[in-house]
Asks: 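Structure provided below as structure tokens; questions to follow.
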Amino acid sequence: MPSATPELISPRSPRVSAARRLARRNFRGKERLFLAEGPQAVREAAGHDGTLVELFATVEAAERYADIVGEARDAGARVHLASEDVIADISTTVTPQGLVGICRFLDTPFEEILAARPQLVAVLANVRDPGNAGTVLRCADAAGAEAVVLTDASVDLYNPKAVRASVGSLFHLPVAVGVPVEEAVDGLKKAGVRILAADGAGTDDLDAELDQGTMGGPTAWVFGNEAWGLPEETRALADAVVRVPIHGKAESLNLATAAAVCLYASARAQRAPGGCRSVTLNQ
């Protein structure tokens, strides 16, 4: 049972100041550390070998989530009991949940992703909104993708909003960052992966692709910027430019929703008879 008195009660503490600076991208890059807030993210970080460095917890949160605090200690993280004011000072959320972890960067070199021969990949090209990036990462994880690639023009993977939006999926699958889109497409093609560009004005229809049985092989979906989609030069790199059909009166789908539809379509096709993940082929 933790002490009733927090050891860190001042936002001016050097440990608190160092943690607070990680809300800024330049400090994250310099230290190669980022913040993970809330019980779900902290639990996932503690279970990811060597990732969780420190944990700040209010007395109440340490009691409520004693199992997570124990996992953090078992993982070798330094655990600090902190006042609610300190947690609020470190946190980037309006209503902190009492747990804030400091984690080591965990992005994966793009070459390692290619060497693993992925079957399903999400490529985020010029995606600038951290909430969208984190949500697409979560969708990719849920659909069983082996990797996510953020191009050099996309948002910082470790932006606190992106980390929160991933809801722990950041710790589940390899993510490469800072890869030029041309390099990403070229490398994936050489690894035998078909490149599909998701675009509302695409010449190919997702339903038609499924009906024609062309989506059962290794696939990478390229998703573009929230406002202007994919530029022509990026679309030209793809093997096909695919649109999600709109059967109702909606003007369009937002990025994360379209990504979920596309990734799950591929996941289903790959698991169908004859797909690259079919039971017959994997025996």
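Side chains included, hydrogens not; waters and symmetry mates left out as well; all remaining heavy atoms used.
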Asks: Are L114 and L196 in one and the same hydrophobic cluster, where Ile, Leu, Val, Met, Phe, Trp and Tyr link if side-chain heavy atoms are under 4.5 Å apart?
Replies: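 No, it is not one cluster - the side chains of L114 and L196 are not joined through contacts under 4.5 Å.
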Asks: Run the side chain to side chain contact (heavy atoms under 4.5 Å, CB included) check on V175 and T108 step by step: do they pass?
Replies: CA-CA 6 Å; V175 183; T108 300; over 6 Å; no
Asks: Answer yes when E146 and R277 have at least one side-chain N-carboxylate O distance shorter than 4.0 Å, and no when they do not.
Replies: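 Between R277 and E146 there is a salt bridge, with a charged N closer than 4.0 Å to a carboxylate O.
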Asks: Are M215 and L206 close enough that some pair of their side-chain heavy atoms sits under 4.5 Å apart?
Replies: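 The answer is yes; the side chains approach within 4.5 Å.
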Asks: Could you walk me through whether D129 and V155 satisfy the side chain to side chain contact (heavy atoms under 4.5 Å, CB included) test, starting with their C-alpha distance in whole Å, then the side-chain angles of each, then the deciding distance to 0.1 Å, before giving a yes or no?
Replies: CA-CA 7 Å; D129 182 86; V155 69; over 6 Å; no
Asks: Could you walk me through whether R138 and T135 pass side-chain hydrogen bond (donor to acceptor under 3.5 Å, both in side chains), step by step?
Replies: CA-CA 5 Å; R138 183 184 183 187; T135 302; over 6 Å; no
Asks: D141: which residues meet the salt bridge (Lys or Arg N to Asp or Glu O under 4.0 Å) condition with it, sequence neighbours left out?
Replies: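 Expected list: none.
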Asks: Let me see the working for L170 and L106 under side chain to side chain contact (heavy atoms under 4.5 Å, CB included), right down to the final yes or no.
Replies: CA-CA 9 Å; L170 172 62; L106 40 70; 3.8 Å; yes
Asks: I need the R104 CZ to Y158 OH distance, nearest 0.5 Å.
Replies: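 Rounded to the nearest 0.5 Å, the CZ-OH separation comes to 12.5 Å.
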Asks: For residues 117-126, which side-chain donor-acceptor pairs fall under 3.5 Å, sequence neighbours excluded?
Replies:
residue	atom	partner	partner atom	Å
R117	NH2	A191	O	3.0
Q119	NE2	R117	O	3.1

Asks: Considering only NZ, NE, NH1 and NH2 on the basic side and carboxylate oxygens on the acidic side, decide whether R194 and E209 come within less than 4.0 Å.
Replies: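 A salt bridge links R194 with E209.
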Asks: Got a second to check how far Q40's CD is from Y65's OH, nearest 0.5 Å?
Replies: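 The distance works out to 11.0 Å.
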Asks: Go through the steps to decide whether T58 and S83 satisfy the test side chain to side chain contact (heavy atoms under 4.5 Å, CB included), and finish with yes or no.
Replies: CA-CA 6 Å; T58 63; S83 68; over 6 Å; no
Asks: Between K161 and D156, is there a side-chain N and carboxylate O pair less than 4.0 Å apart?
Replies: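 No salt bridge links K161 with D156.
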Asks: In the structure I gave you, are the side-chain heavy atoms of L35 and V163 within less than 4.5 Å of one another anywhere?
Replies: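 No, too far: nothing below the 4.5 Å cut-off.
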Asks: State, yes or no, whether a side-chain contact exists between T92 and R164 at a heavy-atom distance under 4.5 Å.
Replies: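 Yes. Closest side-chain heavy atoms under 4.5 Å.
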Asks: Check this for me, if you would: do E226 and R128 make a salt bridge, where the nitrogen-to-carboxylate-oxygen distance has to be below 4.0 angstrom?
Replies: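 Looking at E226 and R128, the cut-off is not met.
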Asks: Measuring only between side-chain heavy atoms, which start at C-beta, is V148 closer than 4.5 Å to L173?
Replies: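 Yes, close enough: below the 4.5 Å cut-off.
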Asks: I want to check something: taking the side chain as every heavy atom from C-beta on, are V242 and D199 in contact at a cut-off of under 4.5 Å?
Replies: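 V242 does not reach D199 side chain to side chain.
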Asks: Going by heavy atoms in the side chains, are L99 and Q97 under 4.5 Å from each other?
Replies: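 No, their side chains stay 4.5 Å or more apart.
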Asks: Please say yes or no: joined through hydrophobic side-chain contacts below 4.5 Å, possibly via intermediate residues, are V136 and L150 part of one cluster?
Replies: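 Cluster IDs for V136 and L150 match.
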Asks: When you group the ILVMFWY residues by side-chain heavy-atom contacts below 4.5 Å and let the links chain together, are V179 and V222 in the same group?
Replies: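 In one cluster: yes.
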Asks: Would D89 and R12 count as a salt bridge (charged side-chain N to carboxylate O under 4.0 Å, His left out) if you check the C-alpha gap in whole Å, the side-chain angles of each, and the deciding distance to 0.1 Å?
Replies: CA-CA 10 Å; D89 192 62; R12 291 188 294 274; over 6 Å; no
Asks: Any donor and acceptor pair, going by atom type alone, linking the side chain of S17 with main-chain N or O of S13 inside 3.5 Å?
Replies: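 Between the backbone of S13 and the side chain of S17 there is a qualifying donor-acceptor contact (under 3.5 Å).
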Asks: Check the surroundings of atom CZ in R243: do more than 12 heavy atoms from other residues, nucleotides or ligands lie under 6.0 Å from it?
Replies: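 Yes - once you tally the heavy atoms of other residues, nucleotides and ligands closer than 6.0 Å, there are more than 12.
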Asks: Under a single-linkage definition using a 4.5 Å side-chain heavy-atom cutoff for Ile, Leu, Val, Met, Phe, Trp and Tyr, are L255 and L263 assigned to the same hydrophobic cluster?
Replies: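 In one cluster: yes.
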Asks: Name all residues meeting the side-chain hydrogen bond (donor to acceptor under 3.5 Å, both in side chains) criterion together with T151; count only those two or more places apart in sequence or in a different chain, and write none if there are none.
Replies: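 For T151 the side-chain hydrogen bond (donor to acceptor under 3.5 Å, both in side chains) partners, ignoring immediate neighbours, are S154.
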Asks: Side-chain contact test, heavy atoms from C-beta onward, threshold under 4.5 Å: evaluate it for R28 versus F105 and give yes or no.
Replies: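 R28 reaches F105 side chain to side chain.
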Asks: Determine all donor-acceptor pairs shorter than 3.5 Å in which one atom belongs to a side chain in residues 182-189; sequence neighbours excluded.
Replies:
residue	atom	partner	partner atom	Å
D186	OD2	K190	NZ	3.2
K189	NZ	L237	O	2.7

Asks: Donor-acceptor pairs under 3.5 Å, side chain of residues 50-57 to any protein atom, not counting sequence neighbours: which ones?
Replies:
residue	atom	partner	partner atom	Å
T51	OG1	H48	O	3.2
T51	OG1	H48	ND1	2.6
E54	OE1	R15	NE	3.3
E54	OE1	R15	NH2	3.3
E54	OE1	H80	NE2	2.6
E54	OE2	R15	NH2	2.2

Asks: The criterion is side-chain hydrogen bond (donor to acceptor under 3.5 Å, both in side chains); which residues satisfy it with T219, sequence neighbours excluded?
Replies: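 T219 satisfies side-chain hydrogen bond (donor to acceptor under 3.5 Å, both in side chains) with no other residue.
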Asks: State, with a plain yes or no, whether a side-chain heavy atom of L137 is found less than 4.5 Å away from one of L157.
Replies: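 Of all side-chain heavy-atom pairs linking L157 with L137, at least one is under 4.5 Å.
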Asks: Just by modelled atom types, is the A267 backbone N or O under 3.5 Å from a matching donor or acceptor in the R271 side chain?
Replies: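 Yes.
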Asks: Are I246 and F223 joined in one hydrophobic group, where the rule is that I, L, V, M, F, W and Y side chains link up if heavy atoms are under 4.5 Å apart?
Replies: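 The answer is yes; both residues are in one hydrophobic cluster.
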Asks: Please determine whether the number of non-hydrogen atoms from other residues, nucleotides or ligands lying under 6.0 Å from atom CG of D211 exceeds 12.
Replies: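 Atom CG in D211 is packed in, count exceeds 12.
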